[in-house]
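The structure presented is a predicted model; accordingly, all values stated were derived computationally and were not measured. Quick note on labels: first sequence line is chain A, next is B, and so on, each numbered from 1.
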Amino acid sequence: MADSLKESIREALVSCASEMGADPASLPDVLLERPKREDQGDWSTNVAMQLARSLKKNPRDVAAMLRDRIPDGKGIDRIEVAGPGFVNFFLTRSWMSDSVVTVLREGASYGRSDLGAGRRVQVEFVSANPTGPLHVGHGRGAAVGDIVARILEFSGHSVEREYYINDAGLQMSILGRSTQARYFELLGAAATAPFPEDGYKGAYIYDLAKDVITEKGESLLSMPLADSLPYFRQFAGDRILATIQTDLSDFGVRFDIWFSEKSLYVADDVPKTMAFLKERDYAFEQDGALWFKTTGFTDEKDRVLIRSNGVPTYFASDITYHKNKFDRGFSRVIDIWGADHHGYVPRMKAAVEALGRDPDDLSVLLIQFVNLLRDGTPVAMSTRSGEFVTLREVLDEVGVDATRYFFVMRRSDSHLDFDLELAKQQSNENPVYYIQYAHARIRSVLRETEARGVVLPDVESLLEYEFASEEEKRLIACLDEFPKEVEKASRELAPHVIASYAYSLAGAFHSFYNAHRILGEEEATMKSRLLLVRATGIVLGSALGLLGIAAPERM
RNA sequence: GCGCCCGUAGUUCAGUUGGAUAGAACGACGGACUUCGGAUCCGUAGGUCGCGGGUUCGACUCCUGCCGGGCGCGCCA
């Protein structure tokens, strides 16, 4: 409906513009929106005001001219000029059954689009060092990344999900030495292997050390520390990665590729990339180090790639890794980082440009911190001391669905208050259950329909029916919005758009359900409402699917 | 000191090509169907959109100065 309306407006616009001597090529895009108020029509456009600006005409005159040139019929009841120059469209009731029929015809693919035109997109997220369990902050990144990937798939992209394992740096050695020290400590030889100053103090290190004892007994006690260290490092790293993988999988987050940083060094990719940059004059030597030349890019100063002691920086690894990504043929790469890395973005963009790509081929999504609360008071967390709330603990306490929803209910780049008690509550304070309850209710009504032997009519027969109530109208308008909301979420990489959409759809349904009976109504009304209920179930199911949250049959 | 983000109802937050009377949830208060699920619904109160200037027909939105909060500014990762 909106599309054909847009076309009519477009034609009228061209006709007006040519009469007033404007260049038809420079006309504004026709933007249709649903006004907030009933008396402002079903659809509204501000193009008249847009056009008036460039023509230096009175917006209301342009609007009136536009109104007179849009043909009646085609579902339009009347057109009004309002306010400073809005053109408001009041539709005949038929648009509602049209919309419901569209949903029912398209089913689970309603809302899908080919916005991405099948382009290959990579989403890299979480990528936490395998030096400890995932904490709450990682959880938010995991939820956002996973849902962004789902949204991109739904809007026609070919998506790969990747986890970058930082297994090459100093951190892994510290992990190994920490585990080693705890091993000796547990076996009463703490003095032999003192705990490193910058070591990982979390209790999980003791668990790892116990596991080593189970595997190896006391056999590592007599070995020189330097000789057993590689074992500890490998063992601890592997175990922790396995834990991370289990946690993510239990959180409903799946990865296609687990990419090891180490593999970049095994294949000599880092030196090759450095040579690549040098050849193109983007890198130079100074003070015994190799530097990335920022001149000409948006970053503020030159950065070290290879230290004077010959050890590459994290930045060098990262450039190499991103070159590797683009070499794999992705047309777009999305990185999801903690917001504390925001200063790193210009540098990485500059690097991408030096690699010969458009800097916009890389999108970085910054995830703000999670402020964990219990009954309104902050839960103390400190990574350094090893006291932090893990993702696992939150999942065990509040469950997957509520955790996912809470992580994406706000914009990713704003701080998030996560109240554990609230998330657990199965009450009206909790939006997750509100949404799921709507779905369960829908399934329940449809089960009851079947039990009473009511046969749903053909979808097409709905076109003869006119929905009349405010609640039906609001619900259908909401169903109608879904494709646009998906598009917006996809364009802006914004999962919270879907989260709040699901909430309003559930709300529109609850209002409808409360105001009207379905079963037992006069036949045409009953069957039309049943089809509406079914359509709502489809869209609500899709929205929940995008969020990776269960759409329950009953609760 | 420089840079990025943020400041909207008591609280937590929506609000992007600048548009109509700034929205929602929670909390508070008052109500609802003897039937399909009350984990629901309906209503009321609650705002100088941090403050001051500017741009214009029109600013929560754009520009600018200040105030307040977060984060970042390494041959760390």
> I need the single residue from T313(A), L277(A), I306(A), V304(A) that forms a side-chain contact (heavy atoms from CB on, under 4.5 Å) with L290(A). Which is it?
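Considering T313(A), L277(A), I306(A), V304(A), a side-chain contact (heavy atoms from CB on, under 4.5 Å) with L290(A) is found only for I306(A).
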> Please determine whether a side-chain nitrogen or oxygen atom of R347(A) lies at a distance below 4.0 Å from atom OP1 or OP2 of G72(B).
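So the side-chain polar atoms of R347(A) never come under 4.0 Å of the phosphate oxygens OP1 or OP2 of G72(B).
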> Should R78(A) and E80(A) count as an ion pair when the cut-off is N to O under 4.0 Å?
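A salt bridge links R78(A) with E80(A).
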> Ignoring hydrogens and geometry beyond distance, is the side chain of S504(A) in donor-acceptor contact with the base of A24(B) at under 3.5 Å?
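No such pair is found, so the answer is no.
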> With sugar-phosphate meaning primed atoms plus P, OP1 and OP2, does R411(A) contact a base, only sugar-phosphate, or nothing at under 4.0 Å between heavy atoms?
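Result for R411(A) = sugar-phosphate.
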> Between P on A24(B) and OH on Y501(A), what's the gap in Å once rounded to a whole number?
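Distance check: Y501(A) OH to A24(B) P gives 18 Å.
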> Say you pick atom C1' in G68(B) and the same atom in G52(B); how far apart are they, in whole Å?
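15 Å, rounded to whole Å.
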> Base, sugar-phosphate, or nothing for H415(A), non-hydrogen atoms under 4.0 angstrom?
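Sugar-phosphate only.
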> Grab the CZ-P distance between R474(A) and C41(B) for me, whole Å please.
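Between P of C41(B) and CZ of R474(A): 10 Å.
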> Just N and O in the side chain of S511(A): are any of them under 4.0 Å from OP1 or OP2 of C42(B)?
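Yes, because at least one side-chain N or O of S511(A) sits under 4.0 Å from OP1 or OP2 of C42(B).
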> Would you mind pulling out the nucleotide paired to A25(B), Watson-Crick or G-U wobble, both distances under 3.5 Å?
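Base partner found: U11(B).
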> According to a strict under-4.0 Å criterion, is Y437(A) in side-chain N/O contact with OP1 or OP2 of A39(B)?
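Affirmative; the distance criterion is met.
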> Contact class for T449(A) vs. all strands (heavy atom < 4.0 Å): base, sugar-phosphate, or nothing?
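It contacts nothing in the nucleic acid.
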> Between Y163(A) and F259(A), is the ring centre distance below 6.0 Å?
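Between Y163(A) and F259(A), the centre distance exceeds or equals 6.0 Å.
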> NA contact type, M409(A), heavy-atom cut-off 4.0 Å: base, sugar-phosphate, or nothing?
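Answer is nothing: M409(A) stays at 4.0 Å or more from every strand.
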> When both hydrogen-bonding distances must be under 3.5 Å and the geometry is Watson-Crick or G-U wobble, what is C36(B) paired with, if anything?
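Looking at the geometry, C36(B) pairs with no nucleotide.
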> H510(A) has a side chain; which of C41(B), G37(B), A14(B) sits nearest to it?
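That would be C41(B).
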> Classify D287(A) by what it touches in the nucleic acid, base, sugar-phosphate, or nothing, heavy-atom distance under 4.0 Å.
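Base contact.
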> What integer distance in Å separates E522(A):CD from C36(B):P?
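After rounding, the gap between these two atoms is 20 Å.
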> Does a side-chain N or O from R307(A) land closer than 4.0 Å to OP1 or OP2 of C76(B), or not?
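For R307(A), the contact criterion (side-chain N or O under 4.0 Å from OP1 or OP2 of C76(B)) is met.
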> Base, sugar-phosphate or nothing for D302(A)? Non-hydrogen atoms, less than 4.0 Å.
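Nothing, no nucleic acid heavy atom in range.
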> At under 4.0 Å, does any side-chain N or O of R303(A) touch on OP1 or OP2 of G74(B)?
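So the side chain of R303(A) is outside the cut-off, no N or O lying under 4.0 Å from OP1 or OP2 of G74(B).
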> Looking at E487(A) and R491(A), is there a salt bridge between them, counting it only when a charged N and a carboxylate O are closer than 4.0 Å?
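Yes, charged N to carboxylate O under 4.0 Å.
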> Under 4.0 Å, heavy atoms only, any strand: does E448(A) hit a base, just the sugar-phosphate, or nothing?
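If one applies the 4.0 Å heavy-atom cut-off, E448(A) turns out to touch the sugar-phosphate alone, with no base involved.
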> In whole angstrom, give the distance that lies between atom CD of E553(A) and atom P of C36(B).
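Roughly 19 Å, once rounded to whole Å.
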> Check E472(A) with R529(A), please: is the shortest side-chain N to carboxylate O separation under 4.0 Å?
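Salt bridge between R529(A) and E472(A), a charged N being under 4.0 Å from a carboxylate O: yes.
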> Looking across every strand, which nucleic acid part, if any, lies under 4.0 Å from A440(A) by heavy atom: base, sugar-phosphate, or nothing?
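Here A440(A) touches the bases of the nucleic acid.
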> So, is H516(A) close to the U35(B) phosphate, meaning a side-chain N or O under 4.0 Å from OP1 or OP2?
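Indeed not, no polar side-chain atom of H516(A) lies that close.
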> For C66(B), which nucleotide in any strand shown is its Watson-Crick or wobble partner with both distances under 3.5 Å?
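Answer to the pairing question: G50(B), which forms a Watson-Crick or G-U pair with C66(B).
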> Within the pair Y434(A) and C41(B), is there a side-chain N or O less than 4.0 Å away from OP1 or OP2?
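Result: yes.
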> Report the residue (T45(A) or T313(A)) whose heavy-atom-nearest nucleotide on RNA chain B is the more 5′ of the two.
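That would be T45(A).
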> Expressed as a whole number of Å, how far does the C1' atom of C63(B) sit from that of A28(B)?
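Those two atoms are separated by 41 Å.
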> For nucleotides U8(B) and U61(B), find the distance between their P atoms and express it as a whole number of Å.
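Taking atom P in both U8(B) and U61(B), they lie 14 Å apart.
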> Starting at atom CG of D299(A), determine the distance to atom C1' of G3(B), rounded to an integer number of angstrom.
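Value for this atom pair: 11 Å.
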> Would you classify N46(A) as touching base, sugar-phosphate or nothing, given that sugar-phosphate means primed atoms plus P, OP1 and OP2, and contacts are heavy atoms under 4.0 Å?
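Base contact.
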> Sticking with atom P, work out how far U16(B) lies from G7(B), rounded to a whole angstrom.
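It comes out at 12 Å once rounded to the nearest Å.
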> Going by modelled atom types, is there a donor-acceptor pair between the base of G3(B) and the side chain of H342(A) at under 3.5 Å?
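Pair found.
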> Is any N or O donor-acceptor pair between the side chain of D318(A) and the base of A77(B) shorter than 3.5 Å?
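Checked by distance alone, the answer is no.
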> Out of G37(B), A77(B), A39(B), which nucleotide sits closest to the side chain of Y433(A)?
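Selected nucleotide (nearest to the side chain): A39(B).
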> Tell me whether E421(A) is salt-bridged to K424(A), with the criterion being a basic N under 4.0 Å from an acidic carboxylate O.
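A salt bridge links E421(A) with K424(A).
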> Against Y503(A), only a single residue in F509(A), Y437(A), Y434(A) fulfils ring pair (Phe, Tyr, Trp, His ring centres under 6.0 Å); can you say which?
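Answer after filtering F509(A), Y437(A), Y434(A): Y434(A).
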> Hunt down the Watson-Crick or G-U wobble partner of G30(B), both distances under 3.5 Å, from any strand shown, or write none.
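Partner of G30(B): C42(B).
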> Taking C76(B) as the reference, what is the distance to G65(B) when you measure between their C1' atoms (whole Å, please)?
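My reading of the C1' atoms in G65(B) and C76(B) gives 37 Å.
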> How many whole angstroms separate atom CZ of F512(A) from atom P of C36(B)?
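My rounded result for the distance is 15 Å.
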> Atom NE2 of H496(A) to atom P of A25(B): distance rounded to whole Å?
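Going from H496(A) (NE2) to A25(B) (P), I get 17 Å.
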> What interatomic distance, in whole Å, is found between C1' of A24(B) and the corresponding atom of G15(B)?
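It works out to 10 Å between them.
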> Could you check whether A82(A) gets within reach of a base, just the sugar-phosphate, or nothing at all, counting any heavy atom under 4.0 Å?
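Touches a base.
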> Is K527(A) salt-bridged to E523(A), going by a charged N under 4.0 Å from an acidic O?
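Salt bridge between K527(A) and E523(A), a charged N being under 4.0 Å from a carboxylate O: yes.
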> Thinking salt bridges, do D335(A) and K325(A) make one under a 4.0 Å N-O criterion?
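Salt bridge between D335(A) and K325(A), a charged N being under 4.0 Å from a carboxylate O: yes.
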> Any strand is fair game: report the nucleotide pairing with G1(B) by Watson-Crick or G-U wobble, both distances under 3.5 Å, or none.
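Checking every strand shown, G1(B) finds its partner in C73(B), with both distances under 3.5 Å.
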> Rounded to the Å, how far apart are N371(A) CG and C6(B) P?
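Value for this atom pair: 18 Å.
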> When only distance counts, do a donor and an acceptor, one from the side chain of N514(A) and one from the base of U40(B), lie under 3.5 Å apart?
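Counting by modelled atom types and ignoring angles, a donor-acceptor contact under 3.5 Å is found here.
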